[in-house]
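Notes for the one structure printed next.
All chains are named by letter (A, B, ...) in the order of the sequence lines, taking the proteins before the strands, and each is independently numbered beginning at 1. Note that the structure is predicted; figures quoted are calculated from it, not measured.
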2 protein chains.
Amino acid sequence: MTEKAVPDIVVGRLPVYLRILNYLIDEGRYITSSQELGDRLGISSAQIRKDLSHFGEFGKQGTGYDVMFLRDQLQKILHVDRRWSVVLVGAGDLGHALAHYRRFNDAGFDVVGVFDSDPQKIGQQFGKYMIQDVSTMGEVIQEHKVKMGIIAVPPAAATEVAKEMIKLGVVSILNYAPVTIMVPLGVRVQYIDPVVHLQHMAYYHNEEAL
Amino acid sequence: MTEKAVPDIVVGRLPVYLRILNYLIDEGRYITSSQELGDRLGISSAQIRKDLSHFGEFGKQGTGYDVMFLRDQLQKILHVDRRWSVVLVGAGDLGHALAHYRRFNDAGFDVVGVFDSDPQKIGQQFGKYMIQDVSTMGEVIQEHKVKMGIIAVPPAAATEVAKEMIKLGVVSILNYAPVTIMVPLGVRVQYIDPVVHLQHMAYYHNEEAL
DNA sequence: TAGATTGTTAATCGATTAACAATC
DNA sequence: TAGATTGTTAATCGATTAACAATC
């Protein structure tokens, strides 16, 4: 009964495959191959076939993959063949950009509330959102059955915000604060820290490169 | 002469170690251990010791690591014991947030110019930056010896912007556009796509969780 | 000295790649 | 049929972990 779990690293590549498939559809393409997908992603065709094989058989020997069919299948696998409600905490510059990020909507993620703890900000209009007191987040989460949250607060506040989200039923957190968050089993956190990426790349710059 | 290269995945963890060390310093700590670092990061102490061992010996048996010393060493290893100039292309909401992101400055990354190709935006003030025509990016890059660039433009424009940056001498690109960029050897790209992270986490939500 | 923790080795674990039979 | 490409197996490659001698 317990099928062996798909490696998380494989799951993490599916959204990228999905992204390419959407571009191929935009380009009016109907058929593609693991070779083409790999070329456009800079990975091997074998890896793509292996990754997909964890979930079933989606192609035809000699032909390749039906772009739309594979797209639909990946959407189902990722559970993004529906819309998700998301709460956003942190109404700074970053929060502002995230609240208005079109691609969230395009991809089926709806920001249903923007929250902050700063009395100066609460009540202010934030584009189409009104900034709400983070202490009232529970109502919004309940109303929209929110399972996902985005944290865009200063590092010192992030842990507390995460704890509150989790208490209110959020199980997936996208964390922009530069701190590691400890979460109970069953809760997932993904991190985005641009500084980490810049520092990572700085490593490869030679001394003389100044 | 050719020492075996340090695995990229190890390099990618160093900035996170550095981040924790800075927090420990803020907390007034002088000594730490691989155990403590691992606990705070949710990884094993063995991994931390192994990672560091690629670069030298930084600790004392029985004692642990001198926090400041290790911080300084990691900064040197990552080449972030200096300041880096960075160009930013894309003056939308995201570009706005990035241009004003304090942590870039705190970490030693200076945005020395913000560019766009939209005539409506060029010449406008963007906080302390004036949005410049992307076609004049070369002068700024030369003047500041820029080696790093951040792309925050729509997907359709990203490849072209990257090509231009690379032509002008940029070798490290932080790409927020949801497209894979093919680059010549010696050039690095790091990707940030929040939608990928949300979709990745959506996978773990069960059907009944709606 | 006794206790603690490093740096390193060897074992384990997991991911990627190459190759090819199956088959469209 | 001939050509192409999948899905899968086995081999390779690489990363993580466990364990411990060294030593502060």
All pairs passing side-chain hydrogen bond (donor to acceptor under 3.5 Å, both in side chains) where residues 170-180 of chain B contributes a residue, at least two apart: A/H205-B/S172
DNA chain C contacts among residues 36-43 of chain A, heavy-atom distance under 4.0 Å: none
Those residues that, when tested against A/D110, pass salt bridge (Lys or Arg N to Asp or Glu O under 4.0 Å) (two or more places apart): A/R83
Spacing of A/D51 atom CG relative to C/dA15 atom C1', expressed in whole Å: 10 Å
Residues forming a salt bridge (Lys or Arg N to Asp or Glu O under 4.0 Å) with A/E57, sequence neighbours excluded: none
Pairing residues for B/D106 by the salt bridge (Lys or Arg N to Asp or Glu O under 4.0 Å) criterion, not counting sequence neighbours: none
Partners meeting ring pair (Phe, Tyr, Trp, His ring centres under 6.0 Å) with A/Y17 (sequence neighbours left out): none
Integer-rounded Å distance: C/dG14 P and A/H54 NE2: 12 Å
A/S34: partners by side chain to side chain donor-acceptor pair (under 3.5 Å), with sequence neighbours left out: A/R49
Selection residues 191-201 of chain A - residue pairs positive for side-chain hydrogen bond (donor to acceptor under 3.5 Å, both in side chains), sequence neighbours left out: A/D193-B/R19, A/D193-B/R103, A/H197-B/Q190, A/H200-B/D8
Separation of A/M68 CE from A/L70 CG (nearest 0.5 Å): 12.5 Å
Gap between atoms CD1 and C1', on B/I9 and C/dA15 respectively (whole Å): 10 Å
Secondary structure string for DNA chain D (Watson-Crick or G-U under 3.5 angstrom, | for other-strand pairs): ..||||||||||||||||||||||
Counterpart residues, salt bridge (Lys or Arg N to Asp or Glu O under 4.0 Å), relative to A/R13 (two or more places apart): A/D51
side-chain hydrogen bond (donor to acceptor under 3.5 Å, both in side chains): pairs with one or both residues in residues 20-29 of chain B, sequence neighbours excluded: B/N22-B/R71, B/E27-B/R40, B/R29-B/E36
Nucleotides 6-11 of chain C: which of its N/O atoms have a protein N/O under 3.5 Å away?
residue: C/dT6; atom: OP1; partner: B/S34; partner atom: N; Å: 2.7
residue: C/dT6; atom: OP2; partner: B/S34; partner atom: OG; Å: 2.7
residue: C/dG7; atom: OP1; partner: B/F58; partner atom: N; Å: 2.8
residue: C/dG7; atom: OP1; partner: B/G59; partner atom: N; Å: 2.8
residue: C/dG7; atom: OP2; partner: B/Y65; partner atom: OH; Å: 2.8
residue: C/dG7; atom: O3'; partner: B/E57; partner atom: OE2; Å: 3.3
residue: C/dG7; atom: N7; partner: B/R49; partner atom: NE; Å: 2.8
residue: C/dG7; atom: O6; partner: B/R49; partner atom: NE; Å: 3.3
residue: C/dG7; atom: O6; partner: B/R49; partner atom: NH2; Å: 3.0
residue: C/dT8; atom: OP1; partner: B/E57; partner atom: OE2; Å: 3.4

Presence of A/S44 side-chain N/O under 4.0 Å of C/dT17 phosphate oxygens OP1/OP2: yes
